[in-house]
K.L.:
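Submitted below is the structure of interest, expressed as structure tokens.
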Protein chains: 2
Amino acid sequence: MTTIHEVARAAGVSISTVSYALSGKRPVAEQTRRRIEDAAAALGYTPDAGARMLAGRRTHIFALTEPLRADTHAPTHMAFVLATAVAARRHDYDILLLTEEQASQGMSRVTSSRLVDATLVLDVAPDDARVEIARSISTPTVFIGIPDDTEGLTCVDLDFEAAGRMAVDRLADAGHTAITLLGQPVVAYRTSNFARRLRRGVVDRARTRGVQLQTTSSGRVATEEATVRSAVENALARGDRAFIVHAVDDVHEVLLSVLAERGLRVGQDVSVISAATTFDTAALGVPIDVIPLDPAQSCTLAVETALRHLEHRGTPPEVHLIPPVYRAAGSVRAHAD
Amino acid sequence: MTTIHEVARAAGVSISTVSYALSGKRPVAEQTRRRIEDAAAALGYTPDAGARMLAGRRTHIFALTEPLRADTHAPTHMAFVLATAVAARRHDYDILLLTEEQASQGMSRVTSSRLVDATLVLDVAPDDARVEIARSISTPTVFIGIPDDTEGLTCVDLDFEAAGRMAVDRLADAGHTAITLLGQPVVAYRTSNFARRLRRGVVDRARTRGVQLQTTSSGRVATEEATVRSAVENALARGDRAFIVHAVDDVHEVLLSVLAERGLRVGQDVSVISAATTFDTAALGVPIDVIPLDPAQSCTLAVETALRHLEHRGTPPEVHLIPPVYRAAGSVRAHAD
DNA sequence: TTGAAAGCGGTACCAT
DNA sequence: ATGGTACCGCTTTCAA
């Protein structure tokens, strides 16, 4: 292992100069800096992580807690984990994984041993056990998702309510008077908060706009094709010609195939909006208007928020709701008078 | 933050005694030890991770590299990540996540900075880029999966070939003379090694036993219901009454529903074996004989292997293939003469 | 059975 | 612009 001392000797300078040259925290003569960089490269020098953690103020590690509940949608979850890791690396941070029981109890362990600088919380439940732990620890914690009681917490998430309202507005503007919300599995409305928030936005705005609304689930714990199919068929039988889909790709596929079977054209006979969507709707074949839920955006914001709180330790807690955007693709019919 | 000095002062002993009492690396008088433990508990002492990494020989962190390719089956992958984390924690280790480009380049970074003690490799490709990195670094690396060239590498995995042979044997023993292998998506035979190995075992043993074999895929990149359905229908048309399924749960469901439509009873009219399966087949409704691929077993073994190599740095590389086991559930018919 | 002290490899202050 | 050095908090000899 190469140490800073060997680099210093090779470059003919003191170790403090090496440290400053490499960290850039103090100006170093151009020529000296080059000598040091060359020596470091030649010797294959990499600063020792433990020594840096001990001497410095930062560990350059974030904890990422994920309970990995059975009803977690794996592909979506993976997208968030990946996005977090990528965002962290951009700021020279690594991700330490805390799963299952470790997700809560591990939070205390890794923060009090100063293994991590801050904690990012994924897969947030309404009454999440990690909320009280977050309040009890001194290092910053950022929730990617919104628990019921956000008192004293810092949270980051898409504004699902606004997304729900936005979807209703678009359909109402297009002249639709009866809308069906193809929602999440039943269990999601108990274990998650985002499902409720989107539904709340849809329900509220539907009332305001005076449109009829039918809300349905896509299954008990996961997508059930028969459930989705009959929900769609009932909607069509009622005369609904507008769908807001807040669900995984499978549900979209079932909806589109039922519509195709009936010879109903999306964007003309029927309007469809996919709300808070993480997957690539291009794979569906039919272009669909979408209000995306972008893991990269949420996770980048979460990482930057954590860093900001690390920088200024007094920063007050904040709940940051990301405004939804609408990506039109022609799946909502033009206004019918 | 409480340090070892404060604990020492509170207990009226030296810091070395505290260290030894807490680590158990040197006998400490029963009564002294109690005093120290009480003091540590009262003060809420947690050893500083950075200091431990620097002074000690161990970081107590494993790197887990996962490329997260687009064709990775998310639920299966998550099961492996979880199993690894759980196994690691049992030995007081944490998991540092390396994803995407970081999966390879990060390996060098975290090992040369001594952030981690060893590296665990998930989602191994036949010509995995991480193979050459593993050879170039000095800390132990354990592959959970088998690349094409295992020269100098330590790998752990289910013996897929043996699993394939085992499945054929069972069906041949039951008197079947024509078997269909419902395999992985096409892409898996290019990007993974386990798919090939299972197929090889099946093909070889089918030849040896003199049974006819038809191998099929379940789709291009993922499960395609139509593809599976027609594969099953063709098999039945040919007269095949024996299926080996090496695929995700969806494929099993399609198979079982086609059989049900035809009024064919599993275990009587038709035999089915699920090979190298990670999901819970109980959810399928019909009891199915299964040769499980247990993430917990593979990952536990991987962690223990890493620790062993850490303990005895000279340990020669080893490829450990886990012998498959057969769990009968009555889905293979009794011998028909 | 216990203690003293020399590191581990950096960071950052205080000098020069 | 650079160097000397006092830590950071713990592990582990070496002594007693």
Side-chain angles (χ1 to χ4, degrees), chain A residues 1-37 39-40 43-61 92 109-117 139 310, chain B residues 1-37 39-40 43-61 92 109-117 139 310:
Chain A
M1 234 214 73
T2 311
T3 74
I4 199 172
H5 290 91
E6 314 182 38
V7 176
R9 199 158 40 73
V13 295
S14 73
I15 62 161
S16 51
T17 302
V18 173
S19 178
Y20 286 122
L22 263 30
S23 72
K25 293 187 181 176
R26 187 166 89 172
V28 168
E30 175 61 22
Q31 158 189 2
T32 311
R33 215 205 56 220
R34 282 196 54 95
R35 271 216 321 284
I36 292 173
E37 282 169 357
L43 295 170
Y45 170 67
T46 316
D48 182 276
R52 241 184 14 173
M53 288 171 59
L54 180 55
R57 186 148 308 229
R58 293 282 219 289
T59 70
H60 285 274
I61 302 179
D92 200 26
R109 184 173 56 79
V110 300
T111 52
S112 63
S113 68
R114 299 211 347 236
L115 217 198
V116 306
D117 291 334
T139 53
L310 232 33
Chain B
M1 233 213 72
T2 311
T3 74
I4 198 172
H5 289 92
E6 315 182 38
V7 177
R9 200 159 41 73
V13 295
S14 73
I15 63 162
S16 52
T17 302
V18 174
S19 178
Y20 286 122
L22 263 29
S23 73
K25 292 188 182 176
R26 187 166 89 171
V28 169
E30 175 61 22
Q31 158 189 2
T32 311
R33 215 205 54 220
R34 281 195 55 94
R35 270 215 323 285
I36 292 173
E37 281 169 356
L43 295 169
Y45 169 67
T46 317
D48 182 275
R52 244 195 357 187
M53 288 171 60
L54 180 55
R57 188 148 308 230
R58 291 282 218 289
T59 70
H60 286 273
I61 301 178
D92 199 27
R109 184 173 56 79
V110 300
T111 52
S112 63
S113 68
R114 300 210 347 234
L115 217 198
V116 306
D117 291 335
T139 53
L310 233 33

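Here is how names work: the chains are called A, B, and so on, in the same order as the sequence lines, proteins then strands, and each is numbered from 1.
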K.L.:
Can you tell me how far apart CG (A/Leu43) and CE (A/Met1) are? Round to the nearest 0.5 Å.
P.N.:
11.5 Å
K.L.:
Tell me, with the steps shown, if B/Ser19 and B/Ser16 meet side-chain hydrogen bond (donor to acceptor under 3.5 Å, both in side chains).
P.N.:
CA-CA 5 Å; B/Ser19 178; B/Ser16 52; over 6 Å; no
K.L.:
Counting any heavy atom closer than 4.0 Å, what does B/Ser23 reach on the DNA or RNA strands: base, sugar-phosphate only, or nothing?
P.N.:
nothing
K.L.:
OP1 or OP2 of D/dG4 versus the side-chain N and O atoms of A/Ser14: is any pair under 4.0 Å?
P.N.:
no
K.L.:
B/Glu6 has an atom CD; how far is it from atom P of D/dC8, in whole Å?
P.N.:
11 Å
K.L.:
Please give, in whole Å, the distance from D/dC8 P to B/His5 NE2?
P.N.:
9 Å
K.L.:
Testing B/Val28, B/Thr3, B/Val13 one by one against B/Val18 for a side chain to side chain contact (heavy atoms under 4.5 Å, CB included), which residue passes?
P.N.:
B/Val13
K.L.:
Select from B/Thr32 and B/Gly56 the residue whose nearest nucleotide in DNA chain C is closer to the 5' end of that strand.
P.N.:
B/Thr32
K.L.:
May I have the distance from A/Asp48 (atom CG) to C/dT11 (atom C1'), rounded to whole angstrom?
P.N.:
13 Å
K.L.:
How close or far is atom C1' of C/dG10 from atom CG of A/Leu43, stated in whole angstroms?
P.N.:
17 Å
K.L.:
Are B/Glu30 and B/Arg34 within salt-bridge range, i.e. N to O under 4.0 Å?
P.N.:
no
K.L.:
What is the minimum heavy-atom distance between B/Leu115 and A/Ala49, and which atoms define it?
P.N.:
CG-CB, 3.8 Å
K.L.:
If you only use heavy atoms from C-beta on, which nucleotide in D/dC10, C/dG10, C/dG3 is closest to the side chain of B/Tyr45?
P.N.:
D/dC10
K.L.:
What nucleotide, of D/dC10, C/dA12, C/dG9, holds the atom closest to the side chain of A/Lys25?
P.N.:
C/dA12
K.L.:
Considering heavy-atom distances to DNA chain C, does A/Arg57 or A/Leu54 have its closest nucleotide positioned more toward the 5' end?
P.N.:
A/Leu54
K.L.:
Rounded to whole Å, how long is the line connecting atom CG of A/Leu115 with atom P of D/dG9?
P.N.:
15 Å
K.L.:
Between C/dA12 atom P and A/Ile15 atom CD1, what is the distance in whole Å?
P.N.:
12 Å
K.L.:
Would you mind reading off the bend of the helix from C/dT1-D/dA16 to C/dT16-D/dA1 from its two end axes, five pairs each, to 10 degrees?
P.N.:
40°
K.L.:
So which heavy atom on A/Ser113 is nearest to which on B/Pro47, and how close?
P.N.:
CB-O, 3.4 Å
K.L.:
Can you measure from OG1 (B/Thr59) to CG (B/Asp117) and round to the nearest 0.5 angstrom?
P.N.:
3.5 Å
K.L.:
Taking only the side-chain heavy atoms of A/Pro27 (C-beta and beyond), determine which of D/dC10, C/dG10, D/dA1 contains the nearest atom.
P.N.:
D/dA1
K.L.:
Tell me the interatomic distance from B/Met53, atom CE, to C/dT11, atom P, rounded to whole angstroms.
P.N.:
14 Å
K.L.:
Determine the contact category for B/Ser19: base if any of its heavy atoms lies under 4.0 Å from a base atom, sugar-phosphate if only primed atoms, P, OP1 or OP2 are that close, otherwise nothing.
P.N.:
base
K.L.:
Any idea which heavy atoms bring A/Ala21 and A/Ile36 closest together, and the distance?
P.N.:
CB-CD1, 3.6 Å
K.L.:
Kindly give the heavy-atom pair with the smallest separation between B/Asp48 and B/Gly50, and that separation in Å.
P.N.:
OD1-N, 2.9 Å
K.L.:
If you only use heavy atoms from C-beta on, which nucleotide in D/dG3, C/dT11, C/dC8 is closest to the side chain of B/Ala55?
P.N.:
C/dC8
K.L.:
Start with the C-alpha distance between B/Leu54 and A/Met53, add both sets of side-chain angles, then the distance that settles side chain to side chain contact (heavy atoms under 4.5 Å, CB included), and finish with yes or no.
P.N.:
CA-CA 9 Å; B/Leu54 180 55; A/Met53 288 171 59; over 6 Å; no
K.L.:
What is the distance, rounded to the nearest whole Å, between atom CZ of A/Arg52 and atom P of D/dC7?
P.N.:
23 Å
K.L.:
Any N/O pairs under 3.5 Å between the protein and nucleotides 13-16 of chain C? List them or say none.
P.N.:
unit_1	atom_1	unit_2	atom_2	d
C/dC13	N4	A/Tyr20	OH	3.0
C/dC14	N4	A/Arg26	NH1	3.4

